[in-house]
Amino acid sequence: MKIGIVCFPTYGGSGVVATELGLELARRGHEIHFISYARPARLASFVENVFFHEVEVNAYPLFKYPSYELSLTSKILEVIEYEELDIIHGHYAIPHAVTGYLAKHVALKNGRKVAIVTTLHGTDITLVGLDPSFLPLVKFSIEESDGVTAVSKFLSQKTLLNYHIDKEIETIYNFVDTERFQPFDCEKYRKCFARECEKVLIHVSNFRAVKRVQDTIRILERVKKELPVKLVLVGDGPERSDCERLARELGLQKDVSFLGKQDGLPELLNASNLFLMPSQSESFGLAALEAMACGIPVVSSSVGGLPELNVHNQTGYIAEFGDIDQMAKYTLELLTNEKKYTVFSKNCRERVLKNFETSLIIPQYLAYYEKALAAAQA
Ligand code: GMT
């Protein structure tokens with residue numbers, strides 16, 4: 001198949017899933033055309049069958065707000081036509097479902113049929129899309145897609161309910177390369193953050209308010225009263241400065257390492273003991289999945305799709321979002337009980353291998369593409 005993948009190029013989960021999906025499809029012989037405003041973060045080196053098309057936004061004196069959406073639509077159209085694409089797979093509904101719809105219909109006028117698949121990732125549905133000004137357009141573009149997938153059962157149901165959509169939405173979970181993300185010794189990295197006697201907590205996100213990164217620092221404060229421990233924060237975003245300020249205010253600046261955006265995630269995860277995900281909204285939790293693949297147990301909130309990933313009392317613990325005391329208690333419980341920790345760590349890896357391994361999920365996307373192609377032809 002010839003597939004156009006439209007995504008955000010950033011370190012966020014939707015871009016990561018889109019890129020890893022495209023790369024894996026290319027390895028299986030499909031021709032993949034990534035379309036975005038910059039090279040996706042995980043598209044690091046040349047891979048056979050993979051092409052990248054950069055969207056350039058035109059400035060014009062009349063345009064106070066130059067339109068990325070129109071430039072993107074034009075680029076999608078161009079790639080459909082010249083590369084003879086079968087499918088456009090948009091990741092994150094806004095604006096990709098709408099631009100896909102528009103490109104499809106212009107292409108149709110030119111005699112070319114293409115199927116539009118939309119994957120819903122999270123805040124496109126739970127936050128941004130719910131804005132009354134966006135809602136009708138998001139609903140319309142979901143209904144008009146030839147196929148729609150969501151990354152958790154929670155998100156599928158939320159979409160049907162909140163947008164009053166009468167259409168099947170297929171749940172296809174996030175996945176992880178379990179060879180790249182696997183348990184291995186990473187003492188070399190660990191030594192950079194902690195002394196021999198200290199445990200390491202880790203959190204990875206794009207530091208938006210919904211991630212509640214401040215809670216990880218407050219959890220550290222509580223755990224530190226009982227146990228020598230450090231916190232590693234990976235990623236960057238709007239809340240980072242506030243988090244740095246909080247760490248200073250609590251006198252924890254020497255205990256928290258703010259690493260910013262990093263590529264060596266398997267190493268950083270393996271240098272840690274426990275992953276914290278205290279989110280206020282989380283449709284699945286890709287970063288926690290990558291940690292679990294490395295055998296790192298997770299203490300998370302109970303929101304959204306997190307319970308579909310993190311099984312309470314097996315792969316980690318879940319608590320109400322905002323319940324920092326409970327999360328700190330769970331963290332302490334795991335880090336002070338070696339026997340339990342070993343069992344949980346093993347459970348994490350097993351759960352990932354059984355449910356979220358790349359080779360299990362890719363065939364689900366391929367089967368779904370066939371369905372969407374048939375729907376587009378009908
Ligand atoms: O929806 C978002 O916030 C954007 C997206 C991203 O680009 O970071 O994250 C979402 O997609 C991931 C991949 O499918 C999911 O694992 C994350 O749970 C989800 N984030 C939220 O729901 C907050």
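Note that the coordinates shown come from a computational prediction; the quantities given were computed from them, not determined experimentally. The residues of the chain are indexed from 1 along the displayed sequence. Counting starts at 1 for both ligands and their atoms, in listed order.
Taking the six-membered ring wherever Trp is involved, the centroid distance between the rings of Tyr317 and His312 falls below 6.0 Å.
Within 4.0 Å of ligand 1, protein heavy atoms belong to Gly12, Gly13, Ser14, Val17, Tyr92, His121, Gly122, Thr123, Val151, Asn174, Asn206, Arg208, Ser281, Glu282, Ser283, Phe284, Gly285, Leu286, listed by chain and number.
No donor-acceptor pair closer than 3.5 Å links the side chain of Arg222 to the backbone N or O of Ile324.
Side-chain contact, Thr149 with Thr119: a donor N or O sits under 3.5 Å from an acceptor N or O. Side-chain contact, Asn273 with Arg190: a donor N or O sits under 3.5 Å from an acceptor N or O.
The pair Glu143-Lys139 counts as a salt bridge, with a side-chain nitrogen and a carboxylate oxygen less than 4.0 angstrom apart.
Between Ile76 and Val6 there is a side-chain heavy-atom pair separated by less than 4.5 Å.
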